[in-house]
Trainee: 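I have a structure here, written as structure tokens, and I will follow up with some questions on it.
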Amino acid sequence: MELHDMAGHLIRRLHQTSTHVFATRTKDAGLDVTPVQFAAMDAIRGNPGIDQAGIAAAIAYDRATIGGVIDRLEQKGWISRTVSPRDRRARVVTLTGEGAAMFDRIRPVVRALQAEILPGLSDEERSQFLDLARKASAGAPQP
């Protein structure tokens with residue numbers, strides 16, 4: 001089997017492309033955000049009352065390192081953490097007003113860069129790819 005026929009190699013290459021395009025386009029737009037920070041903000045926005053463990057699960061990110069992502073978002077003033085009324089050991093994470101405004105500023109940039117991540121695919125092929133990637137991801141073990 002040739003390297004260019006191996007799923008792991010191709011996925012790694014696509015990840016490199018995705019990360020590069022995200023970093024370039026967000027920087028060009030004057031935004032200081034990583035793909036993981038954007039994903040965390042999306043999870044927070046879509047799940048009121050979510051805690052850090054919930055964010056990690058929602059974005060399939062390692063629970064041990066999500067704290068650093070949340071710390072950086074808090075340092076930027078984009079999120080706040082409060083003690084959960086249901087579990088005093090947990091912290092509820094919410095977007096601040098500044099964070100919600102920043103998310104609304106970032107989201108169109110991220111939407112626009114999606115076509116650049118899979119440049120060789122037609123719209124129909126991109127849709128098929130996304131369907132297959134969702135299917136493969138659903139069956140994969142979570143970190």
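Note that the structure is predicted; figures quoted are calculated from it, not measured.
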Trainee: Any idea which heavy atoms bring Val93 and Ile79 closest together, and the distance?
Mentor: CG1-CD1, 3.9 Å
Trainee: Please report the shortest heavy-atom distance between Ala43 and Ile55, naming the atom on each side.
Mentor: CB-CG2, 4.5 Å
Trainee: State the CZ-CZ distance between Arg91 and Arg88, to the nearest 0.5 angstrom.
Mentor: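 One gets 8.0 Å once the value is rounded to the nearest 0.5 Å.
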Trainee: How long is the gap from CZ on Arg126 to CG on Leu121, to the nearest 0.5 Å?
Mentor: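 Spacing of CZ (Arg126) from CG (Leu121) equals 6.0 Å.
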Trainee: Are Ile50 and Val83 co-members of a hydrophobic cluster defined by side-chain heavy atoms under 4.5 Å apart?
Mentor: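 No, Val83 and Ile50 fall in different hydrophobic clusters.
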Trainee: Spell out, yes or no, whether Leu10 and Ile117 are grouped together once hydrophobic residues are joined by side-chain heavy atoms under 4.5 Å, including indirect joins.
Mentor: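 Result: no, two separate clusters.
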Trainee: Are Ile11 and Val36 connected into the same hydrophobic cluster when the rule is that any two of I, L, V, M, F, W, Y join if their side-chain heavy atoms are below 4.5 Å apart?
Mentor: no
Trainee: Any donor-acceptor pair under 3.5 Å linking the side chain of Glu125 with the backbone of Ser122?
Mentor: yes
Trainee: Write down the atom of Arg107, the atom of Phe38, and the distance for their closest heavy-atom approach.
Mentor: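 Of all heavy-atom pairs spanning Arg107 and Phe38, the closest is CA-CE1, 4.0 Å.
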Trainee: Return yes if a side-chain donor-acceptor contact under 3.5 Å exists between Arg12 and His9, otherwise no.
Mentor: yes
Trainee: Counting only N and O atoms by type, is there a donor-acceptor contact under 3.5 Å from the side chain of Lys76 to the main-chain atoms of Asp32?
Mentor: yes
Trainee: Does Leu31 belong to the same Ile/Leu/Val/Met/Phe/Trp/Tyr cluster as Leu113, with side-chain heavy atoms less than 4.5 Å apart forming each link?
Mentor: yes
Trainee: Side chain of Ser137, backbone of Ala133: donor and acceptor closer than 3.5 Å?
Mentor: yes
Trainee: Mark yes or no for whether Arg105, through its side chain, and Ala29, through its backbone, hold a donor-acceptor pair below 3.5 Å.
Mentor: yes
Trainee: When you compare the side chains of Arg81 and Gln52, does any donor N or O come within less than 3.5 Å of an acceptor on the partner?
Mentor: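 Yes, side-chain donor-acceptor contact under 3.5 Å.
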Trainee: Looking at Pro85 and Val92, what are the two nearest heavy atoms and their distance?
Mentor: CD-CG2, 4.1 Å
Trainee: With a 4.5 Å limit on heavy-atom distance, are the side chains of Ile66 and Ile59 in contact?
Mentor: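 Yes. Closest side-chain heavy atoms under 4.5 Å.
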Trainee: Do Gln37 and Leu73 come within less than 4.5 Å of each other through their side chains, counting heavy atoms only?
Mentor: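 Answer yes - side chains close enough.
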Trainee: What heavy-atom pair brings Thr96 and Ser80 nearest, and what distance separates the two atoms?
Mentor: CG2-N, 3.9 Å
Trainee: Between Asp104 and Arg45, is there a side-chain heavy-atom distance shorter than 4.5 Å?
Mentor: yes
Trainee: Can you give me the closest heavy-atom contact between Leu118 and Leu14, atom names plus distance?
Mentor: CD2-CD2, 3.7 Å
Trainee: Check whether any side-chain heavy atom of Lys135 lies under 4.5 Å from a side-chain heavy atom of Asp131, and answer yes or no.
Mentor: no
Trainee: So, taking the atom named CZ in Phe103 and the one named CG in Leu95, what distance separates them when rounded to the nearest 0.5 Å?
Mentor: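 Nearest 0.5 Å value for the CZ-CG distance: 7.5 Å.
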Trainee: Is it the case that more than 12 heavy atoms not belonging to Arg134 sit under 6.0 Å from its CZ atom?
Mentor: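 Buried by this count: over 12 neighbours within 6.0 Å.
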Trainee: Please tell me whether Phe22 and Phe129 are part of a single hydrophobic cluster in this structure, the criterion being side-chain heavy atoms less than 4.5 Å apart.
Mentor: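 The answer is yes; both residues are in one hydrophobic cluster.
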Trainee: Looking at CD of Gln114 and CZ of Arg25, how far apart are the two atoms once the value is rounded to the nearest 0.5 Å?
Mentor: 12.5 Å
Trainee: So with a 6.0 Å cut-off around CD of Glu124, is the heavy-atom count from everything else above 12?
Mentor: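 Open.
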